[in-house]
Amino acid sequence: MVAGANFNFNGCQVYKGYLDRFEQHALLSELRMIVSKAPLFSPLTPWGKPMSVKMTSAGKYGWYSDHKGYRYIPKHPNGTHWPEIPRSIQAIWHDLCGDQPNPECCLVNYYEKKAKMGLHQDKDEKNLMHPVLSISLGDDALFRIGGQNKNDRTESIWLSSGDVLVMSGASRLAYHGIDRIKYGSSQLLKSGGRLNLTLRVVD
DNA sequence: AAGTCTCT
DNA sequence: TAAA
């Protein structure tokens with residue numbers, strides 16, 4: 001569908017408007033199913049502060065954090081297996097990442113009005129070469145990305161509902177985060193806020 | 001520090 | 001309040 005990315009920074013590609021409104025709503029109903037089986041929760045950082053972002057996962061693994069550190073776990077804290085990753089989400093992965101193994105984790109992050117996420121690297125996976133794909137739904141978010149060192153120069157871009165971002169190659173281990181969201185900027189979520197889906201190969 | 005504080 |  002999309003020939004090429006329309007933003008590129010250190011190899012991080014952003015496909016603005018990848019999902020149309022119809023596709024965004026379809027994705028949203030898939031997410032409602034996931035959240036009903038695997039409710040959102042606020043993980044604790046390893047140093048005991050609750051994260052402002054609420055999250056859950058789908059797939060073989062879910063991302064988790066507490067005093068023991070960042071890791072992937074095979075079950076939701078409620079003891080049940082994570083729901084399966086919907087086919088429609090897998091299709092986006094294969095469209096943009098091509099010949100890659102199937103994603104094993106679809107992390108669902110929910111940002112309410114004041115939620116943000118500090119600069120970090122995605123490095124809890126066994127093979128750090130597989131791409132990371134992120135889908136934005138709902139309110140606009142100010143995304144910041146730098147290089148592989150925390151003090152590298154950073155650049156910011158507004159992500160909107162329907163945008164898809166892929167971090168591969170040089171950007172796979174780039175520091176990135178969300179500085180803030182523009183609460184109420186999208187009508188997609190009746191409740192307001194932003195949903196972000198992150199697809200990763202874990203093993 | 002996947003947070004937060006501080007400085008502008 | 002936004003940038004870093």
Side-chain angles (χ1 to χ4, degrees), chain A residues 7 9-10 12 14 31 34-35 38-77 82 103-128 130-160 163-168 170-186 192-202:
Chain A
F7 172 85
F9 178 73
N10 283 347
C12 166
V14 179
L31 292 177
I34 291 171
V35 170
L40 294 165
F41 59 94
S42 296
L44 289 177
T45 59
W47 52 99
K49 306 266 184 181
M51 293 176 58
S52 58
V53 173
K54 289 186 177 138
M55 55 181 68
T56 189
S57 293
K60 183 178 178 185
Y61 297 110
W63 189 84
Y64 192 69
S65 173
D66 63 14
H67 66 284
K68 294 181 196 165
Y70 305 144
R71 62 197 184 278
Y72 286 95
I73 58 176
K75 288 180 178 178
H76 186 278
W82 304 102
E104 297 165 314
C105 176
C106 175
L107 176 63
V108 179
N109 283 336
Y110 176 63
Y111 294 76
E112 59 83 42
K113 198 167 190 172
K114 289 291 172 188
K116 53 200 147 190
M117 192 171 284
L119 278 184
H120 68 281
Q121 290 175 297
D122 286 17
K123 55 177 183 185
D124 305 314
E125 303 75 34
K126 282 181 188 154
N127 183 333
L128 301 176
H130 297 300
V132 171
L133 183 150
S134 148
I135 304 167
S136 295
L137 292 172
D139 289 340
D140 295 346
L142 187 56
F143 175 78
R144 196 161 94 209
I145 182 163
Q148 302 196 358
N149 299 110
K150 186 111 193 226
N151 48 3
D152 286 345
R153 183 180 63 89
T154 63
E155 198 160 290
S156 296
I157 181 176
W158 281 99
L159 296 177
S160 309
D163 294 351
V164 178
L165 177 155
V166 178
M167 293 193 297
S168 59
S171 64
R172 176 59 180 81
L173 286 171
Y175 275 87
H176 59 282
I178 295 292
D179 283 342
R180 61 199 152 92
I181 70 164
K182 202 180 286 175
Y183 188 77
S185 55
S186 165
R194 170 180 190 254
L195 279 168
N196 180 70
L197 309 184
T198 311
L199 298 175
R200 302 186 186 94
V201 177
V202 175

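Throughout, protein chains are lettered first and strands after them, A, B, ... in sequence-line order, and every chain is numbered starting at 1.
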Over 60° means perpendicular and under 30° means parallel, so classify the ring planes of A:His176 and A:Phe143, tilted if in between.
tilted
Distance test, side-chain N/O of A:Arg180 to OP1/OP2 of C:dT1, below 4.0 Å:
no
On the side chain of A:Asp124, is there an atom forming a donor-acceptor pair with the base of B:dA2 - under 3.5 Å, no angle test?
yes
Provide, to the nearest angstrom, the distance between the NZ atom belonging to A:Lys116 and the P atom belonging to B:dT4.
7 Å
Between B:dT4 and B:dT8, how far is it from one P atom to the other, in whole Å?
23 Å
When rounded to whole Å, the CZ to C1' distance for the pair A:Phe41 and B:dA2 reads 13 Å
Select base, sugar-phosphate, or nothing to describe what A:Leu119 touches, counting heavy atoms under 4.0 Å on all strands.
sugar-phosphate
Rounded off to whole Å, could you give me the CD1-to-P distance for the A:Ile157 and C:dA3 pair?
14 Å
Residue pair A:Arg200, A:Asp122: steps toward the salt bridge (charged side-chain N to carboxylate O under 4.0 Å, His left out) verdict:
CA-CA 9 Å; A:Arg200 302 186 186 94; A:Asp122 286 17; 2.8 Å; yes
Without decimals, in angstroms, what is the distance between A:Met117 CE and B:dA1 C1'?
12 Å
Touch check for A:Thr45, heavy atoms < 4.0 angstrom, all strands: base, sugar-phosphate only, or nothing?
sugar-phosphate
Please report the distance, rounded to the nearest Å, between NE2 in A:His176 and P in B:dG3.
11 Å
Only residue of A:Tyr111, A:Tyr110, A:Tyr183 satisfying side-chain contact (heavy atoms from CB on, under 4.5 Å) with A:Arg194 is A:Tyr111
Just how far, in rounded Å, is P of C:dA3 from CZ of A:Arg153?
15 Å
Length of the CG-C1' vector between A:Leu107 and B:dA2, whole Å
10 Å
Ring of A:Tyr64, cation from A:Arg71 - is the NZ or CZ under 6.0 Å from the centre and inside 45° of the axis?
no
Using whole Å, what does the distance between atom C1' of nucleotide B:dC5 and atom NZ of A:Lys49 come to?
11 Å
